[in-house]
Amino acid sequence: TIPLIQPGTAMEYALSSAIKKIAIEDKPLIGFLQGQGEPSLASFRQVLAQLSVLYNVEPVTISDTIDNLSKFKTIAIISPADTFSDAHFSQIDNYLSNGGNLFIAMNRVNADMQTSQGVSLETGLEKWLANKGLLVEENFVVDGNCGTVGVRQQTGMFNFTQQVKFPYMPIITNFEDHPITKGLEQVVMPFVSSITYVGDTSLNFIPIAKSSKKSGTQSLPVYFDINKKWKNTDLPLSNITVAAILSGKISGDMVSKIILVADGDFPVNGEGQQAQQLQPDNVNLMVNSIDWLSDATGLINLRTKGITSRPLDQIEDGTKAMLKWGNFLLPIFIVIIYGIIRMQRRKKLRIKRM
């Protein structure tokens, strides 16, 4: 007998992945750029596990003299730390002019936690993108919907760690209705910057991920005060773009696409003892992007199926208060109503007996 496979289960996903893996003989080639201080392929454990189903993934180094980019369906540039040369950008422009696609996740600013200060990061990539109309601002996005960090506290003879909300670690839940973001719930983007489109209407610009209704930006210099008591006045903005798509004739006469995320660390596990487990949707955002750039969106519906979270702190204060009082009072009302009905039935029964 063959066991039935329930839709939406891990078994369905595994079977679908296995079938696709067997069925595809010549997998498209995805390149991960190396040579400008990017994390090695070993740092993308979770991303590579999903990409390997449909693609072959190889590291690629840009040569000043040899064009070796044309064989890649999509090229990923993740968290470069060193400077690009003009020859590098010439090769990338040539790749785009032939219809190539780029996924870029970059840091415009870095957090130096040793000194608790924010510092600027310049690789030349930010200037190249600005010439295309994509301006990655030299700032930190702060968000009321954020992750927490552990702060050591001492009370008398006892030491303990208290989790404190850290707005420099936004949890992005505001997504555009797009195949890339279909089914995404939340993506953690620590020390992300804002994106502004400064190009013209000849290219198509689509923001796909934004901050919450209570957010803001902080320009350099920035000092990270973990114990700061954040107020609404510190978060006066909303819907700040942190990830976007640019498509059209970006370079040359052929249509190409760039997906830009203003945080280079969100898809990186790290290596060795520094490796960390990522939120599933951090991985899904990058893999979905490469699927969409490579014209292979079939796995997105399976990959992001299901609800992962519905944080209460993202609800308006009025709605939150109503839910809390409803949870408290509704069971009491049900018990009272049941008691009244039971009392009336017993009263009728006594009258009938009499």
Side-chain angles (χ1 to χ4, degrees), residues 1-16 143-151 153 155 158 160-167 169-188 209-215 229-239 277-285 288 299-354:
T1 61
I2 300 177
L4 294 177
I5 299 176
Q6 298 297 325
T9 62
M11 184 179 294
E12 181 202 33
Y13 177 76
L15 179 61
S16 174
D143 201 318
N145 184 32
C146 59
T148 60
V149 294
V151 178
Q153 302 282 350
T155 302
F158 300 98
F160 62 95
T161 300
Q162 181 181 7
Q163 294 298 317
V164 177
K165 297 188 73 172
F166 193 53
M169 193 182 296
I171 298 177
I172 304 300
T173 59
N174 185 6
F175 299 104
E176 182 74 13
D177 184 12
H178 192 276
I180 291 174
T181 58
K182 189 178 179 72
L184 294 185
E185 291 288 331
Q186 58 179 23
V187 177
V188 181
K210 299 177 181 179
S211 66
S212 73
K213 295 180 180 179
K214 294 181 179 180
S215 55
K229 303 299 182 183
W230 291 82
K231 305 175 182 177
N232 288 336
T233 54
D234 297 320
L235 306 169
L237 305 178
S238 64
N239 301 323
Q277 187 76 8
L278 298 176
Q279 290 273 1
D281 279 348
N282 279 44
V283 179
N284 291 336
L285 175 59
N288 288 358
L299 276 182
I300 292 178
N301 289 338
L302 286 174
R303 184 181 299 117
T304 58
K305 184 176 290 185
I307 296 174
T308 57
S309 75
R310 280 289 187 266
L312 189 60
D313 59 6
Q314 296 177 27
I315 300 175
E316 295 293 337
D317 291 340
T319 305
K320 189 188 301 183
M322 183 180 67
L323 290 173
K324 288 182 177 179
W325 280 106
N327 288 335
F328 175 72
L329 295 175
L330 184 60
I332 297 176
F333 287 147
I334 291 175
V335 171
I336 293 174
I337 293 171
Y338 174 74
I340 293 173
I341 294 173
R342 184 177 175 85
M343 183 180 67
Q344 292 294 333
R345 290 183 62 185
R346 294 184 65 180
K347 183 178 180 180
K348 289 181 180 179
L349 183 59
R350 286 198 304 270
I351 294 173
K352 185 176 180 180
R353 288 175 178 172
M354 289 172 64

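Just so it is clear, the values below take in all heavy atoms, side chains as well, and ignore hydrogens, waters and symmetry mates.
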Quiz item: Should K214 and N145 be marked as a side-chain contact (heavy atoms from CB on, under 4.5 Å) after you check the CA-CA gap, both sets of side-chain angles, and the distance that decides it?
Solution: CA-CA 8 Å; K214 294 181 179 180; N145 184 32; over 6 Å; no
Can you measure from [atom1] ([X]) to [atom2] ([Y]) and round to the nearest 0.5 angstrom?
X	Y	atom1	atom2	answer
F175	K182	CZ	NZ	14.5 Å
E176	L184	CD	CG	12.5 Å
K348	K352	NZ	NZ	11.5 Å
L285	I172	CG	CD1	10.0 Å

Answer yes or no: is there a donor N or O on one side and an acceptor on the other, between the side chain of [X] and the main chain of [Y], under 3.5 Å?
X	Y	value
N282	V188	yes
D234	K231	yes
T173	Q186	no

Provide the closest heavy-atom pair for [X] versus [Y] in the form atom of the first, atom of the second, distance.
X	Y	answer
S238	S211	C-OG, 4.0 Å
Q163	T148	OE1-OG1, 3.1 Å
G144	S212	N-OG, 4.4 Å

Quiz item: Given side chains that start at C-beta, do those of D143 and I171 come closer than 4.5 Å, heavy atoms only?
Solution: no
Self-check item: CA sep, side-chain torsions, deciding dist, call: V187, Q279, side-chain contact (heavy atoms from CB on, under 4.5 Å)
Solution: CA-CA 7 Å; V187 177; Q279 290 273 1; over 6 Å; no
